[in-house]
Amino acid sequence: MAMRQTPLTCSGHTRPVVDLAFSGITPYGYFLISACKDGKPMLRQGDTGDWIGTFLGHKGAVWGATLNKNATKAATAAADFTAKVWDAVTGDELMTLAHKHIVKSSDFTHDSNHLLTGGQDKLLRIYDLSRPEADPEQIGGHTSAIKKALWYNDDRQIISAADDKTVRLWDRASMTEVKTLNFNLSVSSMEYVPEGETLLITYGRTIALYNTSSLELIKSFEAPAPINSASLHPEKECIVAGGDDFKLYKYDYTTGEELESYKGHFGPVHCVRFSPDGELYASGSEDGTLRLWQTAVGKTYGLWKCVLPEELVAENSDAIYNVSSEIKA
């Protein structure tokens with residue numbers, strides 16, 4: 001009998017949840033940040049979804065949110081023409097970085113000393129966080145709004161996805177374009193998995209995986225509905241994806257076979273990400289909630305407890321009794 005997936009629902013937001021990100025694993029566990037159109041990004045314990053705090057200060061929808069690896073800093077990108085950097089331990093705002101248009105994406109370097117942003121004005125900006133008053137470095141080239149911008153290849157390069165139906169690779173030192181991937185539709189999401197040497201890109205109903213060094217296509221899958229976001233398991237076991245039909249899909253990485261699909265949200269799924277240990281994945285939706293889903297259903301992990309059906313418990317009890325009787329004999 002198949003175990004039933006029971007997601008944990010994280011409420012608190014009042015508008016659609018449009019982005020989420022996990023920290024790395026720290027001595028205190030790992031953490032989850034969510035971006036929402038209510039303008040109030042939230043920090044949660046990653047394995048349970050328990051609310052830790054809300055970052056207050058934006059005056060418009062927050063489109064992007066991220067944590068540095070050790071969860072000491074957070075960065076948010078918003079419709080109020082700013083990106084903000086926060087102390088993720090105290091919740092204090094550390095700095096506001098003014099932009100000329102809506103900001104959609106932010107990403108820290110490994111050492112958390114620089115922040116990369118992208119948004120509606122088509123420019124990539126690199127801020128030196130030790131000198132927030134200094135003008136950022138800027139890289140132009142996209143012809144439409146930037147949706148996602150990420151540090152790449154040990155921060156030596158930058159990769160960006162935009163509404164101009166391209167994903168572009170940039171050299172950090174020379175600030176020049178290295179390579180362009182062209183698509184027939186706008187890219188809906190992009191995930192960089194350096195450990196797995198994989199770049200995951202979604203557009204339309206397609207989930208495509210690229211080699212990080214060559215940017216050659218490894219494989220692609222077609223989903224039953226338009227996909228807004230997808231994420232690769234840290235051990236490359238499977239891919240999860242969510243989109244316009246309110247469902248979460250899980251695909252076998254090797255074969256592309258659909259393993260499972262779940263309908264838990266009451267609106268389109270905007271974002272999905274695996275936890276750093278691969279034990280769960282989180283989804284954010286138009287319905288204003290985050291949901292946490294187990295990768296292996298039935299396992300005891302976080303707030304999930306494995307409860308065996310009564311007949312199995314009885315059988316196990318009998319077996320234990322028989323074994324103990326034999327030992328006594």
Side-chain angles (χ1 to χ4, degrees), residues 5-58 62-77 84-94 106-108 110 112 191 193 195 229 231-235 240 242 248 250 262 264-265 269-285 287-307:
Q5 174 77 264
T6 308
L8 303 175
T9 302
C10 309
S11 50
H13 284 300
T14 57
R15 297 285 311 283
V17 178
V18 290
D19 192 30
L20 56 86
F22 284 101
S23 72
I25 297 171
T26 78
Y28 307 99
Y30 61 86
F31 300 88
L32 171 63
I33 192 170
S34 52
C36 181
K37 288 186 183 178
D38 63 11
K40 296 172 182 175
M42 291 186 179
L43 184 70
R44 298 175 187 274
Q45 191 71 38
D47 60 340
T48 62
D50 290 339
W51 177 84
I52 294 171
T54 303
F55 299 102
L56 299 173
H58 279 296
V62 176
W63 286 101
T66 192
L67 292 164
N68 64 352
K69 270 276 189 272
N70 59 6
T72 56
K73 286 181 182 175
T76 49
K84 289 181 186 284
V85 180
W86 312 80
D87 183 319
V89 180
T90 64
D92 295 334
E93 183 183 313
L94 298 177
S106 59
D107 193 34
F108 288 107
H110 282 302
S112 306
E191 181 187 47
V193 189
E195 301 82 8
S229 182
S231 186
L232 176 63
H233 188 273
E235 304 297 324
V240 291
L248 270 296
K250 187 194 284 185
Y262 301 111
H265 284 289
V269 177
H270 291 309
C271 45
V272 58
R273 280 292 176 270
F274 269 108
S275 61
D277 62 2
E279 291 287 349
L280 61 81
Y281 49 99
S283 57
S285 166
D287 67 14
T289 67
L290 285 155
R291 289 174 199 257
L292 304 183
W293 309 76
Q294 271 190 295
T295 307
V297 180
K299 199 171 179 181
T300 294
Y301 181 83
L303 296 181
W304 288 285
K305 297 289 178 278
C306 179
V307 180

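- Rounded to the nearest 0.5 Å, atoms CG (Leu67) and OG (Ser112) are 10.0 Å apart.
- Considering only residues two or more places apart in sequence or on other chains, His265 meets the side-chain hydrogen bond (donor to acceptor under 3.5 Å, both in side chains) condition with Ser283, Asp287, Thr289, Arg291.
- Distance check, rounded to the nearest 0.5 Å: CG of Leu43 to CZ of Phe55 gives 5.0 Å.
- Looking only at distances, no side-chain donor or acceptor of Gln5 sits under 3.5 Å from a matching main-chain atom of Val297.
- Using cut-offs of 30° and 60° for the angle between ring planes, the Phe274 and Tyr281 rings count as perpendicular.
- Between the His13 side chain and the Arg15 main chain, no donor and acceptor come within less than 3.5 Å of each other.
- Closest non-hydrogen pair, Gly278 versus Thr295, comes out as O-OG1, 2.8 Å.
- The heavy-atom pair separating Ala74 from Ala88 by the smallest distance is N-CB, 4.1 Å.
- Note: Leu232 CG to Glu195 CD = 10.0 Å, rounded to the nearest 0.5 Å.
- Scanning both residues, Thr48 and Leu8, for their nearest heavy atoms gives O-CD1, 3.8 Å.
- The shortest non-hydrogen separation linking Trp304 to Lys299 is CB-O, 3.8 Å.
- For the pair Tyr301/Asp277, a side-chain contact is recorded, criterion being any heavy-atom separation below 4.5 Å from C-beta on.
- Between the CG atom in Asp87 and the OG1 atom in Thr72 there is a gap of 7.5 Å [rounded to 0.5 Å].
- Taking all atoms of both residues into account, the shortest heavy-atom contact from Leu290 to Gly284 is CD2-CA, 4.2 Å.
- Closest approach of Thr66 and Ala21 over heavy atoms only: CA-CB, 4.0 Å.
- Ser229 contributes a side-chain N or O that, together with a main-chain N or O of Val272, makes up a donor-acceptor pair within less than 3.5 Å.
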| Do Val17 and His270 pass the side-chain contact (heavy atoms from CB on, under 4.5 Å) test, and can you show the C-alpha distance, the side-chain angles, and the key distance before you say yes or no? | CA-CA 7 Å; Val17 178; His270 291 309; over 6 Å; no
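- Checked against side-chain hydrogen bond (donor to acceptor under 3.5 Å, both in side chains), Glu191 has the following partners two or more places apart in sequence or in another chain: Ser231.
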| request: Report the C-alpha distance between Gln294 and Leu280 in whole Å, list the side-chain angles of each, state the deciding distance to 0.1 Å, and finish with yes or no for side-chain contact (heavy atoms from CB on, under 4.5 Å). | output: CA-CA 4 Å; Gln294 271 190 295; Leu280 61 81; 5.6 Å; no
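- Between Ser275 and Tyr30, some side-chain heavy-atom pair lies under the 4.5 Å cut-off.
- With values rounded to the nearest 0.5 angstrom, Met42 atom CE is found 11.5 Å from Leu32 atom CG.
- Listed by chain and residue number, nothing satisfies the side-chain hydrogen bond (donor to acceptor under 3.5 Å, both in side chains) test with Asp47 (two or more places apart in sequence, or in another chain).
- With hydrogens and angles ignored, the 3.5 Å screen pairs a side-chain donor or acceptor of Ser23 with a backbone N or O of Phe31.
- One finds the CZ atom of Arg44 at 10.5 Å from the CG atom of Leu20 (value rounded to the nearest 0.5 Å).
- Remark: side-chain polar atoms of Ser285 are not paired, donor with acceptor, to backbone N or O of Gly288 under 3.5 angstrom.
- In this structure, Lys40 contributes its side chain and Lys37 its backbone to no donor-acceptor pair below 3.5 Å.
- In this structure a side-chain-to-backbone donor-acceptor pair under 3.5 Å is present from Asn68 to Lys73.
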